Amino acid sequence: MRAYKYIFTVLLGTWSLVALSLERTILLGPKTIGKAWKDNILIEPRHFASAKAGDVLTVYNDHAKGMAQAAFQHPKTWQGVAPEYGCFSFAGPFRMTLSDSILNIARTYGVILGGHDYRILRVTLSEASDYEETIVWSGPAVTMKADWSASAEIPGRCFESLQEGDGLRLHVSKVQEGAAAKLMDFTWNALAPSVDGMPVGEDGVTWFIYDRAPLLKLQLAGYGSQTAMRVGGKSYRLEKIGIVRQTGEVSEDLTDVQRAPREYQLQPGELFRGEKAFPADWSGNLSLTAAPFQESTENDVLVISYTLDQTAVASGTKAQLSIRNSRWQEITGATEPVWYPLDGTDVVYLFDPVALDQVKTRGLIVTGVGFTLTKIELISAQ
């Protein structure tokens with residue numbers, strides 16, 4: 001009897017460990033991703049040390065506006081870690097499946113999470129086994145032409161088991177550059193703005209449904225063999241469609257979690273306030289739009305406050321002010337980078353006519369290494 005009790009206890013303990021490891025929180029918000037692609041956060045490389053290809057990164061969010069977009073970016077190049085993750089729309093939590101190439105980036109540099117018009121609540125990492133898939137449509141395969149003229153008709157019976165929170169996975173082949181998918185109801189209208197031109201990668205694309213409206217369209221409008229959904233797009237071949245369902249739960253263990261910097265309410269004259277790290281690998285930058293500079297004059301000064309990373313002091317700490325969206329060109333108009341050595345005191349920048357025109361029309365990017373940015377103020381010197 002003791003042996004049976006021991007076996008049961010071990011099995012129960014093992015099951016508990018597996019359940020808790022399925023979806024663990026690696027980053028805890030809130031972190032506001034505001035307008036104009038100016039906000040982002042680095043998911044640190046340490047979180048991917050034990051991850052495997054096929055594991056899934058999930059971003060839980062709120063406050064998303066209708067035009068909200070997200071991106072998973074390479075910290076060195078600022079391009080998408082894969083073409084389909086460079087810029088995409090979403091409604092509800094959004095996910096990225098880790099491939100071998102994405103893992104190589106993530107383990108070395110981490111992953112930048114950016115975009116605009118939403119707030120990150122938490123980011124989790126779950127195992128591939130946490131998701132089960134049922135193939136509900138298996139062809140015949142349809143090639144989506146480059147002119148968007150082709151589509152596949154999917155009968156209503158394919159969606160009888162579909163539930164809110166499930167995902168529709170498109171299995172594809174022959175993916176070409178710029179491939180995109182469009183999911184439409186039987187009237188040829190997009191099921192949601194986020195699926196009107198979804199980027200398609202080599203591994204296809206998955207759309208998770210968190211809104212009752214498209215779910216009802218798929219389940220009620222197309223009955224039995226009638227067309228409930230049309231899948232269109234360009235530059236790929238649709239092979240199969242599966243329903244993906246998550247089976248695990250989010251662990252509440254926050255032992256090794258990365259916490260987003262505290263967010264502050266900006267006071268008059270403040271352009272930024274918080275804790276924004278600028279590590280030694282040059283992956284840190286802060287983008288400011290042109291909007292707060294519209295009433296500025298040559299009498300205004302920019303005051304940049306920071307704390308030094310003491311481990312980086314020996315190798316040099318410095319900052320640079322660049323024109324926003326201009327390939328890192330100086331706001332002074334100089335052809336070579338102008339660096340501001342950091343010694344612990346605030347950087348005070350006085351505008352000349354050239355720099356003032358640049359920030360009024362394009363905005364400003366702060367970059368550099370070896371410090372944590374804490375505040376940027378725009379102050380009148382009069």
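Just so it is clear, the structure is predicted and the values come from calculations on it, not from any experiment.
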### Query
Of all residues at least two apart in sequence or in a different chain, which pass the side-chain hydrogen bond (donor to acceptor under 3.5 Å, both in side chains) check with Thr255?
Asp253
Return all side-chain donor-acceptor pairs below 3.5 angstrom for residues 158-167, not counting sequence neighbours, or 'none' if the list is empty.
| from | atom 1 | to | atom 2 | distance (Å) |
| --- | --- | --- | --- | --- |
| Asp166 | OD1 | Arg245 | NE | 2.9 |
| Asp166 | OD2 | Gln163 | N | 2.9 |
| Asp166 | OD2 | Arg245 | NE | 3.2 |
| Asp166 | OD2 | Arg245 | NH2 | 2.6 |

I'd like a table of donor-acceptor pairs (distance under 3.5 Å, sequence neighbours excluded) in which one partner is a side-chain atom from residues 363-376, with atom names and distances.
| from | atom 1 | to | atom 2 | distance (Å) |
| --- | --- | --- | --- | --- |
| Thr367 | OG1 | Gly284 | O | 3.1 |
| Thr374 | OG1 | Ser305 | O | 3.1 |
| Thr374 | OG1 | Tyr306 | N | 3.4 |

### Query
Ion pair present between Asp256 and Arg46, side-chain N to carboxylate O less than 4.0 angstrom?
yes
### Message
Could you work out, with side-chain hydrogen bond (donor to acceptor under 3.5 Å, both in side chains) as the rule, every residue matching Thr289, not counting sequence neighbours?
### Response
none
### Message
Suppose clustering is done on Ile, Leu, Val, Met, Phe, Trp and Tyr with side-chain heavy atoms closer than 4.5 Å. Which residues sit in the same group as Trp37?
### Response
none
### Query
Who are the side-chain hydrogen bond (donor to acceptor under 3.5 Å, both in side chains) partners of Thr311, not counting sequence neighbours?
Asp309
### Leu254 side, atom CG; Leu27 side, atom CG - distance, nearest 0.5 Å
11.0 Å
### Pairs meeting criterion ring pair (Phe, Tyr, Trp, His ring centres under 6.0 Å) with involvement of residues 41-67, two or more places apart
none
### Message
Running the 4.5 Å side-chain criterion over Ile, Leu, Val, Met, Phe, Trp and Tyr, what cluster does Ile135 land in, apart from itself?
### Response
none
### Task
Evaluate the criterion side-chain contact (heavy atoms from CB on, under 4.5 Å) for residue pair Gln246 and Asp130; output intermediate values, then yes/no.
CA-CA 6 Å; Gln246 188 175 11; Asp130 193 20; 3.3 Å; yes
Atom pairs and distances, donor-acceptor, side-chain atoms in residues 110-123, under 3.5 Å, two or more places apart:
| from | atom 1 | to | atom 2 | distance (Å) |
| --- | --- | --- | --- | --- |
| His116 | NE2 | Gln69 | OE1 | 3.0 |
| Tyr118 | OH | Gly114 | O | 2.8 |
| Arg119 | NE | Asp62 | OD1 | 3.0 |
| Arg119 | NH2 | Asp62 | OD2 | 2.8 |
| Arg122 | NH1 | Thr25 | OG1 | 2.6 |

#### Entry: Asn40 side chain to Lys276 side chain, donor-acceptor N/O pair below 3.5 angstrom
yes
### Task
Report the hydrophobic cluster partners of Trp188, with the cluster defined as I, L, V, M, F, W, Y residues connected by side-chain heavy atoms closer than 4.5 angstrom, directly or transitively.
Met184
List the atom pairs, donor and acceptor, that lie under 3.5 Å between side-chain atoms in residues 348-358 and the rest of the protein, sequence neighbours left out.
| from | atom 1 | to | atom 2 | distance (Å) |
| --- | --- | --- | --- | --- |
| Asp352 | OD1 | Val354 | N | 3.2 |
| Asp352 | OD1 | Ala355 | N | 2.7 |

### Task
State which residues pass side-chain hydrogen bond (donor to acceptor under 3.5 Å, both in side chains) with Asn104; sequence neighbours excluded, sorted by chain then number.
none
### Query
Tell me, do Pro75 and Trp282 make a side-chain contact under 4.5 Å, heavy atoms counted?
no
### Message
Tell me whether the count of non-hydrogen atoms from other residues, nucleotides or ligands lying under 6.0 Å of CD in Gln294 goes above 12.
### Response
yes
